[in-house]
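A, B, ... follow the sequence lines: proteins, then strands. Residue 1 opens every chain. Not measured: the values here are computed from a predicted model.
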Number of protein chains: 4
Amino acid sequence: MLDAAVRTFGRRGYRAASMEEIAELAGVSKPLVYLYLHSKEELFSACIRREAAALTAAVRAGAGAPGPGVPVERRLWEGLTAFFAHTADHPDGWAVLHRQARTHGEPFAAEVAALREEIVAYVTSLIGAAAREVHRDPGLADGDVAGLAHALVGAAESLADWANATPGVDAREAAATLMRLAWSGLGDLARGEGWSPGAV
Amino acid sequence: MLDAAVRTFGRRGYRAASMEEIAELAGVSKPLVYLYLHSKEELFSACIRREAAALTAAVRAGAGAPGPGVPVERRLWEGLTAFFAHTADHPDGWAVLHRQARTHGEPFAAEVAALREEIVAYVTSLIGAAAREVHRDPGLADGDVAGLAHALVGAAESLADWANATPGVDAREAAATLMRLAWSGLGDLARGEGWSPGAV
Amino acid sequence: MLDAAVRTFGRRGYRAASMEEIAELAGVSKPLVYLYLHSKEELFSACIRREAAALTAAVRAGAGAPGPGVPVERRLWEGLTAFFAHTADHPDGWAVLHRQARTHGEPFAAEVAALREEIVAYVTSLIGAAAREVHRDPGLADGDVAGLAHALVGAAESLADWANATPGVDAREAAATLMRLAWSGLGDLARGEGWSPGAV
Amino acid sequence: MLDAAVRTFGRRGYRAASMEEIAELAGVSKPLVYLYLHSKEELFSACIRREAAALTAAVRAGAGAPGPGVPVERRLWEGLTAFFAHTADHPDGWAVLHRQARTHGEPFAAEVAALREEIVAYVTSLIGAAAREVHRDPGLADGDVAGLAHALVGAAESLADWANATPGVDAREAAATLMRLAWSGLGDLARGEGWSPGAV
DNA sequence: AATGAATGAGCATTCATTCAT
DNA sequence: AATGAATGAATGCTCATTCAT
């Protein structure tokens, strides 16, 4: 039933999706949908939560647990690959999270913002760990890292759309593109040699 | 009248915005809106076009014209600053472009996709110019650059939202964050020294 | 201006015709139409009156004045021919009278009913005169004649539509058809030999 | 529900009738009307079809089946009586067919034109049968008969309105009027003695 | 004498939601 | 446990009509 909802919401959008269509696609009657998921809002929230959980689980599973012999570079790379693989495999869920949930008012925007913050926090911790690998006491302020994490997440989101729309670009390719763009800059920052506007 | 429409569409979304509300906010009657802007679809399209034009104009004006004494680094930095300044100054217009237009079906998605491609092409050309400054014959395939440009644009979009939502982060700060993340990696790529998955 | 109205009303119908379209077709502005013909209702009434007058004038002119040397048979025949010729030459006016005016409520139905009664009375007088030619004191009750006149008028209306829609049928042919159908019966009645249900 | 629609359409006309009024008269809510009859157009079409079927059924039932001992004169007379009785008993349905359907554009005009052609064909066949009763090989061209049938149908339509509007005129009286007018002429035609314009 | 500009009121249609069963 | 049947409320859109000029 949630499958049908995710598919319909992802393709039609929150407003354009009708409970009728969702119920029909799920092969049940409308009142049944209301029995389990008490309103359109709750149904959409449930979709968001399910897809958010699936996405974070996939990324965490990809990145793996921190450990002595596992460099952060590798964990980041694997996490990104898992992210792109998941979005490619669940285009409707990704559409719900990335496109629909953020555009239809507070109740949902908050839900997806929480997801985003969770991912940003995760990425932030990875960046911090990476920096500590390079330099015992890296000169990275918290505000700086938050911005970097947001930038990384946004870049990943955009690349996900691009990879899905571009034949021949798979998850590894997308992940490599993002690493090529950002890994070097992260290292500079950890060493305190990051770009600064002074030069220009 | 378009102002009212942009504001309403940006906050409510295409479907949830009613012509009634738009007209009321504009201080005119509904039929007048229809007299000038023929239908809800056309009205939304007009909003998209106006905001897209304003945004690209702001970015181009910020980046300035290419010239002998102007390093690309500086043009990129200024263009980004202009972008963040514009999105901060026009949050509803930015919401229409970034959030609403992409989520409400073909007619509008196509319109905003064209805008995005234009910006991506612009960024692509800047990256190419930057690479040529570093190395006469940089080893960057076209596909690589397209990916990089999409990543950069996505990072910028995400940072715009972050900057707008985070007190104390202004356009310069957001631009600096993106430069810090990406400039070093772009330089590596131009020199043929970019990150590669082989290591991990 | 009335021409434009008749044409539009005749083709679109009263409700579907918009004052905008009428004004545009007349080459003037809408307020001017309101200046001269103060509302849609009055405009439609004016159309009805004009077309009714034109039609009755044409029929009367065709039938000619009563006179010693003019048999009523001939006057009826010529009047019918004039009727069919007029309706063929003014299809929009005919549509206004025959189709539109009778279908859109009291104010107009009354107007066209008056026209119809006028024509019925005219035909009634012709039938009476014809009967008197055949028999000094014909046994025709007034009620009988009224019914006959209504039947004749209805037959003529229907034949007008048929003639207009059927290539190769002109006014004389339509008039001859009606005379063939009805002239004999009228003569019988005048002689007191009309059909009666007793037989069946 | 169709009853309410027929009544409203018959009295107000297609455009002036509102779905709201129809629903209210039917004692149900507007969405229910849409649930069963999908649109105003379909609803009107359904009315036309139902009333057309009822009318033709009544006429056919009245005229009865052809048979050896049944003269056509009688079948025509009975069919006409049935027609006038039906139109008197169903004034709104008759208004829908005779007045509204023909004035509101192609989809409906076509529907009622089909009905009319069916009736004209039926009358045509009766006329042919009557002629053959009178004369083995009657000299009636097809085009002639078509015109006669149209004239008869039009006369009947007009008499139906007249009978409904005139107190004291019932179905038998209306039918007799039409027979008196036309039966003699039909007989003449069958014998090849019909009226011709040569005389006048 | 003529109109550009504007609106109040109405209408077809849709959809989230609820009962009675 | 499940639904057929029904509706209140909202929305896009149109049009006869009127001023200010």
Run the side-chain hydrogen bond (donor to acceptor under 3.5 Å, both in side chains) test against D:Glu118 and tell me which residues pass, sequence neighbours left out.
D:Arg60

Pairs of donor and acceptor atoms involving the side chains of residues 24-37 of chain D, under 3.5 Å and at least two apart or interchain, shall be tabulated with distances.
residue	atom	partner	partner atom	Å
D:Lys30	NZ	D:Glu20	OE1	3.4

By nearest nucleotide on DNA chain F, pick out whichever of A:Gly27 and D:Ser29 is the more 5' one.
A:Gly27

Whole Å only: how far is the CG atom of D:Leu35 from the C1' atom of E:dC15?
12 Å

D:Phe108: what forms a ring-ring contact (aromatic ring centres under 6.0 Å, His included) with it, not counting sequence neighbours?
D:Tyr14, D:Phe44

Between D:Leu32 and A:Val28, whichever has its closest DNA chain F nucleotide further toward 5' is A:Val28

Under the rule for side-chain hydrogen bond (donor to acceptor under 3.5 Å, both in side chains), what residues qualify as partners of B:Arg102, not counting sequence neighbours?
none

Is it the case that E:dT3 (base atoms only) and C:Lys30 (side chain only) share a donor and an acceptor within less than 3.5 Å, ignoring hydrogens and angles?
no

Under a 4.0 Å heavy-atom cutoff, the residues of residues 11-23 of chain B touching DNA chain F are B:Ala17, B:Ser18, B:Met19

For D:Leu2 against D:Ala46, the heavy-atom pair lying closest together:
CD2-CB, 4.0 Å

Contact list for DNA chain F against residues 36-45 of chain D - heavy-atom distance below 4.0 Å:
D:Tyr36

Hey, do the aromatic rings of B:Trp94 and B:His90 have their centres closer than 6.0 Å?
no

Testing the basics here: between C:Ala17 and C:Lys40, what is the closest heavy-atom pair and its distance to 0.1 Å?
O-NZ, 2.9 Å

Using the benzene-type ring in the case of Trp, are the ring centres of A:His98 and B:His98 under 6.0 Å apart?
no

Just to be sure I understand: a Watson-Crick pair is purine N1 to pyrimidine N3 plus N6-O4 or O6-N4, both under 3.5 Å. Using that and G-U wobbles, which stems of three or more pairs involve DNA chain F?
E:2-21 with F:2-21

Are any of the side-chain nitrogens in C:Asp161 or D:Arg116 under 4.0 Å away from the carboxylate oxygens of its partner?
no

Heteroatom pairs (N/O) under 3.5 angstrom, protein to nucleotides 19-21 of chain E:
none

A:Glu24 has an atom CD; how far is it from atom P of E:dC15, in whole Å?
12 Å

Could you list the residues that satisfy side-chain hydrogen bond (donor to acceptor under 3.5 Å, both in side chains) with C:Gln100, not counting sequence neighbours?
none

Sequence neighbours left out, what pairs pass salt bridge (charged side-chain N to carboxylate O under 4.0 Å, His left out) with at least one residue falling in residues 87-96 of chain D?
D:Arg11-D:Asp92

Not counting sequence neighbours, which residues clear side-chain hydrogen bond (donor to acceptor under 3.5 Å, both in side chains) with B:Glu21? List them please.
B:Arg12

How many whole angstroms separate atom CE of B:Met1 from atom P of E:dA5?
12 Å

Only counting residues at least two apart or in another chain, list the ones meeting side chain to side chain contact (heavy atoms under 4.5 Å, CB included) with A:Ala5.
A:Phe9, A:Ile22, A:Leu43, A:Cys47

